[in-house]
Structures are given as C-alpha cells and as structure tokens.
Amino acid sequence: MKYIAALDQGTTSSRCIIFDQNANPVASHANEFKQIYPQPGWVEHDPEDIWQSQLDALKSAVAKAGIDAKDIAAVGITNQRETTLLWDRITGEKYHNAIVWQCRRTAPIVEKLKADGLTEEIKARTGLIADAYFSGTKLKWMLDASPALRQRAERGELCFGTVDSYLAYRLSGGSVHVTDATNASRTMLFNIHTQSWDETLLKMLDIPCELLPQVVDSSRVVGYLDRSILGREIPIAALAGDQHAALYGQACFEKGMAKNTYGTGCFLLMNTGSDIIDSRSGLLSTMAWRIDGKPTYALEGSVFVAGAAIQWLRDELKIIEKASDTQALAESLRDNGGVYLVPAFAGLGAPYWDMYARGTIVGLTRGTGRAHIARAALESIAYQSCDVLEAMQKDSSTDIKLLRADGGATANDFLMQFQADILGCSVIKPKVTETTAMGAAMLAGRAVGLWTDAQLREIWQSETEFEPSVTREEALKLKTRWRRAVEKAAGWEK
Ligand code: ADP
C-alpha cells in the first residue's frame with residue numbers, strides 16, 4: 001500500500017492527514033499554534049511556530065498511521081492563503097513575523113491605491129478587488145520599514161513567499177523557492193492572464209523582483225523532503241491554497257461545478273474553466289488550479305457571517321446550548337413564521353457590498369419564539385450563499401446544476417435541505433469531508449502517478465444528497481421576502 005501525506009497549514013492549526021492509495025484517510029494529527037496580536041487589527045504568526053507545528057503534525061501522523069517513510073509516495077501542501085513571509089535565502093532566518101491574511105495594518109496603503117485610481121488596473125491584471133488581505137501590500141509594508149532590508153532584497157538575498165512557499169523551502173532543506181499559481185493569484189502581484197509576476201504591479205508597490213518565488217503548477221514535483229525529516233527523500237508534489245484545494249478535493253473539475261464550505265463564514269468557489277470572468281457583482285476572479293501548464297479559473301465569493309450567527313445564538317443570546325440544537329428547533333416549526341434574520345454584523349459582502357449594513361431581525365410577532373430565531377439564523381446562511389451563487393451564475397452566464405458542500409455546519413440537515421430548496425438544485429455532501437486535505441492529496445497523487453485523472457473522478461464519492469422539495473414559486477416567494485429583509489438592514493450605520 002502507498003500513501004500520501006497531506007499537510008493542511010491553517011490559520012489556527014497545522015494538520016497532517018495520511019491518505020492511503022484508495023484515498024481513505026488513515027491517520028491525522030493537528031497542532032494549534034500561537035496567534036500574535038501586536039496592536040488592534042494586527043495579526044501575526046511566528047514562522048518558526050508555523051514550521052514546528054507543521055513538522056510535528058507530519059511526524060505524528062506518520063507515527064499514528066504506523067507506516068514506513070518508503071511507502072509515502074508524496075507530500076502535498078495546502079495552506080492559509082495570502083499570509084506573507086520574508087526570510088533569508090541562505091539561512092532561512094525570518095525578517096519579520098508572518099503578516100496574517102486577516103491583518104488590517106496595510107489598509108492605508110490600499111486606500112492610497114484607491115485614491116490614485118488604480119483599482120480597475122489591479123482588478124484587470126489580478127482578478128482581485130484591491131484589499132489589505134492580499135500579500136502585495138503586506139510585503140511592501142515589510143520592505144518600507146527598513147531601507148537596509150530593501151537593499152538586501154534587491155541583491156536577491158531574501159525570499160518572499162506565502163505559507164506554501166515557506167513550507168516547501170523548509171521541507172526541502174532550503175533548496176527550493178517556489179509557489180503555485182493559486183497562491184500566487186492571492187498576492188495582488190500576479191497577472192492571471194499571462195501567468196507571471198506583473199511588472200506594472202511590482203512597480204506600483206515598489207517590490208523588487210529578485211525576492212519572488214518561481215511560480216509552478218499546483219500538481220507537480222517541486223522538490224524533495226530533506227532526509228533529516230523522515231529518513232528519506234520524498235517528493236513534494238502539490239501546492240495549493242486551501243479554498244482551491246477544497247474545490248479540487250470536491251472533484252469540481254468541470255466548468256460550472258461549485259463548492260461551498262460552511263464554517264464560521266462561507267467560502268464559495270465555482271470552476272469557470274479557461275474563462276476569466278470579469279465579475280460585475282463584486283466577486284473575485286481567481287485561479288482554480290494550474291495543471292500541466294494549463295490554467296483553470298474560478299469565481300470566488302464569501303459570506304462573512306455564517307456559522308458565526310449560530311455561535312451568536314449560543315454565546316450572546318444564549319438561546320441554544322450547542323450549534324446542533326438549531327436543527328431540532330428549526331424542524332419544530334412548520335415554516336419560518338415570517339421571521340428573517342440578516343446577520344450583517346460586519347456589513348454585507350457580495351453581491352451587496354454594504355459596509356454600513358447591520359444585523360436585523362424582521363417579521364417579529366407576539367408568537368415569535370427562540371425556535372423562529374434559530375430557524376431564521378440557519379436560513380440566513382442558505383440565503384446568503386444563494387445570493388453569492390446567483391451572482392456567480394449571472395456573471396458567468398453558467399447554470400449551476402449542483403452544489404458540493406463541506407465544513408462544520410454541513411452537519412445540519414435542516415440547513416442542507418433548505419439550501420437545496422432555495423437554490424433549486426442538489427446539495428451534496430461527500431464521504432470524505434476533509435476536502436481541503438483531500439484536494440492536496442489528490443493533486444500530489446496525480447503528480448507522482450499514483451492516480452490518473454480518470455481515477456481521480458472515481459475517488460470522490462457522495463455521502464448524502466439533498467434534493468429540492470419545494471416548488472420554484474415557493475422558493476421565489478421566500479427569496480423575495482429575504483431581499484426585503486436585506487433592504488431593512490442596508491445602510492443602517494450611515
Ligand atoms: P471554521 O473552519 O471556520 O472554524 P468549521 O468548519 O469547524 O469552521 O465549522 C464551525 C462552524 O459551524 C461554527 O461557526 C458553528 O457554529 C457551525 N456549526 C457547527 N455545527 C453546526 C450545526 N450542527 N448546525 C449549525 N451550525 C453548526
């Protein structure tokens with residue numbers, strides 16, 4: 001039996017899952033690591049913490065699986081995206097803590113880009129809406145802080161990279177400096193049309209090209225694990241940002257296939273094939289992956305508050321004890337009783353883009369109880385996801401025929417059924433719910449010849465399918481009322 005070790009380096013934990021050659025997860029290990037908040041709105045990770053927690057997760061998972069290193073066919077890496085690292089090319093020493101994707105310290109740099117009228121140019125080249133999330137301004141911030149550092153960067157003595165790049169460097173004993181096209185597409189420095197670092201953007205942000213990693217395919221052997229790690233050289237055969245790996249792990253290989261990850265927020269990606277869609281709804285165009293030199297693109301949208309609304313019911317309103325209580329409460333009602341909750345706690349994202357919107361509950365009557373509120377919170381997750389998916393369909397002129405679902409909140413059957421009802425298409429949960437790690441494993445496995453593309457199509461298996469159970473008129477009536485509720489929440493803080 002051969003195995004693949006999938007490294008899933010996330011925002012709060014580093015994990016490793018070992019998959020066997022039938023793509024069954026056989027062992028896993030996760031380590032949390034420290035979050036550093038130097039100032040309000042600033043978030044950092046110590047690169048050494050990222051590395052040590054990931055290294056230990058790999059070694060521990062291999063030990064738990066009880067397998068020999070010679071049977072590990074490849075290692076695949078998937079990672080928190082956009083988080084920015086800068087290290088010494090020779091010694092690997094860090095020059096700054098990693099600036100995490102959530103960190104808002106570069107908002108003023110982004111404001112300046114906007115004021116200079118550069119947002120359209122950025123979008124045309126990168127597919128992104130200019131924002132402090134992306135790596136480009138974070139790297140600029142690090143270099144601007146020290147003229148000496150900038151000089152060293154210009155001399156090629158430093159390496160910039162996202163987490164995939166850093167892990168590949170460390171795993172290979174410092175011998176490779178690469179990043180894959182999905183991670184590159186989140187830097188705001190990468191031209192998704194030409195598939196190369198963009199000189200205009202580098203100039204715009206004053207970033208020397210000497211410190212950039214080589215951009216490689218998402219599924220390809222890029223280097224080998226240093227012998228000191230597991231006692232032998234093992235191919236590092238995949239790099240992909242977490243959402244992209246999840247799209248692959250959900251086997252959304254064809255244009256028009258989409259996945260939604262239902263967690264604290266929701267992350268939706270739709271495969272748009274070889275087309276880069278210029279979204280009119282405020283969605284991002286991004287890489288799905290790049291394989292055999294061929295780029296596949298995706299539309300991406302997210303819902304800021306999804307599972308977080310359920311946490312709010314539990315922690316602030318205290319009307320449930322645990323998240324799963326919401327299902328029985330919702331099912332105790334025949335319908336929503338006209339109650340809608342718009343969890344715009346932090347404004348509304350695509351397709352509304354209203355930072356002044358605030359949370360709202362409408363339709364309350366004397367008979368409204370906690371079951372109505374719980375149901376409305378679950379429904380709001382489905383409505384918001386539906387809004388994003390409908391924007392994707394409109395922007396791409398493609399019909400979504402089914403939605404593949406993963407993430408913690410997919411445990412809720414009421415939510416999954418209601419999502420199918422509102423969308424009017426099947427919502428499908430896979431057998432292996434660890435789709436991010438699975439995607440990294442699949443990308444790595446194909447690169448070393450463990451699986452063919454035809455076999456990868458067979459590997460993904462559905463576990464539960466939810467089919468629409470209401471008429472389209474009924475669904476439209478519900479959605480129309482939801483939109484009216486959103487109008488009530490809009491612009492509240494202005
Ligand atoms: P993340 O990776 O964002 O931390 P997870 O995928 O672990 O999120 O999912 C956790 C989220 O899902 C929490 O916000 C929680 O409220 C929600 N959740 C978990 N189980 C349920 C459930 N049975 N019903 C509704 N929401 C749930």
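For clarity, every value in this text was computed on a predicted model and none was experimentally measured. Values below: all heavy atoms of this structure, side chains included; hydrogens, waters and symmetry mates excluded. Order of appearance sets the numbers: ligands from 1, and atoms from 1 within every ligand.
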Any idea which protein heavy atom is nearest [atom], and the distance to it?
atom: atom 21 (C) of ligand 1; result: Ala323 CB, 3.6 Å
atom: atom 6 (O) of ligand 1; result: Gly408 N, 2.8 Å
atom: atom 12 (O) of ligand 1; result: Ala409 N, 3.6 Å
atom: atom 24 (N) of ligand 1; result: Asn412 ND2, 3.0 Å
atom: atom 11 (C) of ligand 1; result: Gly263 C, 3.8 Å
atom: atom 4 (O) of ligand 1; result: Thr264 OG1, 3.4 Å
atom: atom 23 (N) of ligand 1; result: Ser324 CA, 3.4 Å
atom: atom 15 (C) of ligand 1; result: Gly307 O, 4.1 Å

> Under the criterion side chain to side chain contact (heavy atoms under 4.5 Å, CB included), which of Met287, Glu300, Gln243 is the partner of Arg186?
Replying inline: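 By the side chain to side chain contact (heavy atoms under 4.5 Å, CB included) criterion, Arg186 pairs with just one of Met287, Glu300, Gln243: Glu300.
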Between [Y] and [X], is the closest basic N to carboxylate O distance under 4.0 Å?
X: Arg483; Y: Glu390; answer: yes
X: Arg457; Y: Glu254; answer: yes
X: Glu48; Y: Arg170; answer: yes

Provide the number and element of each atom of ligand 1 under 4.0 Å from a heavy atom of [X].
X: Thr326; result: 24 (N), 25 (C)
X: Ala308; result: 14 (O)
X: Gly407; result: 6 (O)

>> Among all the protein's heavy atoms, is there at least one whose distance to atom 2 (O) of ligand 1 comes out below 4.0 Å?
In response: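 For atom 2 (O) of ligand 1 the answer is no, since every protein heavy atom stays at 4.0 Å or beyond.
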Would you say the side chains of [X] and [Y] form a donor-acceptor pair under 3.5 Å?
X: Ser218; Y: Thr182; result: no
X: Thr78; Y: Asp242; result: no
X: Asn79; Y: Gln9; result: no

>> Measuring only between side-chain heavy atoms, which start at C-beta, is His45 closer than 4.5 Å to Asp49?
In response: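 Not touching, per the 4.5 Å side-chain cut-off.
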